[in-house]
Amino acid sequence: MSDQAGSYDVMAFLQARMGSTRLPGKVLKPIQGKSILERAVSRLRAVPEIDAVAVLTTSLSQDDCVAEEASRLGVLVFRGAESDVLSRFHEASRQFRPEIIIRATADNPLIDIGSASRIIRQLRLEHLDYCVETDLPYGAATEACRAQALARSHEMAVAPPHREHVTLHIKENPEKFRVSFLAAPESLRYPQIRVTVDTPDDFASMSLLLGCLPEGDSPLPLSDYIPFALGMFQERETKG
């Protein structure tokens, strides 16, 4: 499967770069034979409502390998500002022209496919500008945002945190944007579980978790991993 440039209704913008301070190069680290970036792309492609995936990385030479990996995976690539991530998203939106953007980050190898579908449907149903599910395992959530709302935020946001964190300005200004924070399905409400890779310990944990249920060509639902993740969490708590 290869995503081609064009005009889309719904696109996933996958934020990725090599310059992590706690675990440099984490997005290209392999888990069970697949890079974390590849796992994130695979899960976003499995969302029925998403028409195309674009990896949004920086214009720095150190991120050439991210762009190359994205191209190898057959997804679109956009390169922009390193720190002004809101600008990077806005310029990518201007280039690809989606109506709805799913924001995801490439350090999350267990993105909840079902959650992305649910927030897209809710965004449309309630004519929202922004929607996210709460209380999912940390690292499983994505965010749905209308491109028009992102453009408005780009024009209004000036504080550095609002430029670095793409949707923060929208979330902190509900009087200007139509936002919704949905409760995740009860069976998935485990915010104490981490399914992200931010540190070496996270990488070790996710390598172990994903080894419990190796995936073939199609990614498995997040719910399949919950019992294993809970067991690992409880074991860590017991050990203190």
Side-chain angles (χ1 to χ4, degrees), residues 3 5 7-8 10-28 35-37 40-41 44 50 52-71 73 75-108 111 116 119 123 128-132 138-139 141-179 181 196-199:
D3 298 334
S7 181
Y8 302 100
V10 182
M11 285 189 71
F13 284 0
L14 183 60
Q15 189 175 325
R17 67 187 182 97
M18 293 294 285
S20 168
T21 54
R22 286 178 288 269
L23 187 59
K26 61 185 177 181
V27 299
L28 296 188
S35 70
I36 297 174
L37 178 68
V41 165
L44 291 169
I50 291 177
V53 177
V55 169
L56 273 57
T57 192
T58 81
S59 55
L60 298 177
S61 60
Q62 68 183 22
D63 288 320
D64 290 351
C65 52
V66 175
E68 290 166 4
E69 173 72 350
S71 296
L73 296 172
V75 296
L76 300 164
V77 179
F78 182 87
R79 306 187 67 169
E82 177 188 18
S83 299
D84 190 351
V85 190
L86 177 56
S87 173
R88 195 193 314 168
F89 271 66
H90 173 65
E91 294 301 323
S93 178
R94 289 183 62 190
Q95 177 170 321
F96 298 124
R97 307 183 65 82
E99 178 188 350
I100 295 170
I101 295 164
I102 287 291
R103 176 184 173 264
T105 57
D107 50 3
N108 295 334
I111 290 167
I119 61 176
L123 192 87
L128 301 169
D129 291 316
Y130 172 88
C131 188
V132 68
Y138 186 84
T142 56
E143 301 171 291
C145 180
R146 290 194 184 272
Q148 289 184 346
L150 190 74
R152 287 170 52 211
S153 180
H154 173 69
E155 292 299 321
M156 291 186 287
V158 293
H162 291 163
R163 306 304 305 185
E164 180 182 357
H165 303 287
V166 178
T167 60
L168 184 60
H169 178 258
I170 293 174
K171 289 184 288 188
E172 290 187 348
N173 289 276
E175 74 284 357
K176 298 176 182 176
F177 299 93
R178 295 163 294 180
V179 303
F181 298 87
T196 190
V197 177
D198 190 44
T199 67

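Side chains included, hydrogens not; waters and symmetry mates left out as well; all remaining heavy atoms used.
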Measure from the side-chain N and O atoms of Thr196 to the backbone N and O of Asp198, and report whether any donor-acceptor pair falls under 3.5 Å.
-> no
Could you please spell out the steps behind the salt bridge (Lys or Arg N to Asp or Glu O under 4.0 Å) verdict for Arg178 and Asp129?
-> CA-CA 5 Å; Arg178 295 163 294 180; Asp129 291 316; 3.2 Å; yes
So which heavy atom on Leu37 is nearest to which on Ala106, and how close?
-> CD1-CB, 3.6 Å
Return the set of residues passing side chain to side chain donor-acceptor pair (under 3.5 Å) with Thr105 (not counting sequence neighbours), or none when no residue passes.
-> Asp107, Asn108
For the residue pair Phe13 and Phe89, is the inter-centroid distance of their aromatic rings smaller than 6.0 Å?
-> yes
With rounding to the nearest 0.5 Å, note down the distance linking NZ in Lys171 to OH in Tyr130.
-> 4.0 Å
Is any side-chain heavy atom of Glu69 closer than 4.5 Å to a side-chain heavy atom of Val27?
-> no
Has the side chain of Thr57 got a donor or acceptor atom that lies under 3.5 Å from a matching backbone atom of Ala16?
-> yes
Please answer whether the main-chain N or O of Ile100 pairs with a side-chain N or O of Arg146 as donor and acceptor at a distance below 3.5 Å.
-> no
Can you find a pair of side-chain heavy atoms, one from Leu44 and one from Met11, that are under 4.5 Å apart?
-> no
What residues, two or more places apart in sequence or in another chain, satisfy side chain to side chain contact (heavy atoms under 4.5 Å, CB included) together with Ala81?
-> Asp84
Using the test side chain to side chain donor-acceptor pair (under 3.5 Å), find all partners of Thr199 that sit at least two apart in sequence or belong to another chain.
-> Asp202
Compare all side-chain heavy atoms of Thr167 with those of Leu150 and state whether any distance is below 4.5 angstrom.
-> no
Measure across Ala144 and Ile119 and return the closest heavy-atom pair with its distance rounded to 0.1 Å.
-> N-CD1, 3.5 Å
Partners meeting side chain to side chain contact (heavy atoms under 4.5 Å, CB included) with Glu164 (sequence neighbours left out) | none
Side-chain heavy-atom pair Arg94, His90 within 4.5 angstrom cut-off | yes
Pairing residues for Arg88 by the salt bridge (Lys or Arg N to Asp or Glu O under 4.0 Å) criterion, not counting sequence neighbours = none
Of all pairs that satisfy side chain to side chain donor-acceptor pair (under 3.5 Å), the ones with a partner from residues 147-157, not counting sequence neighbours | Ser153-His169, His154-Arg163
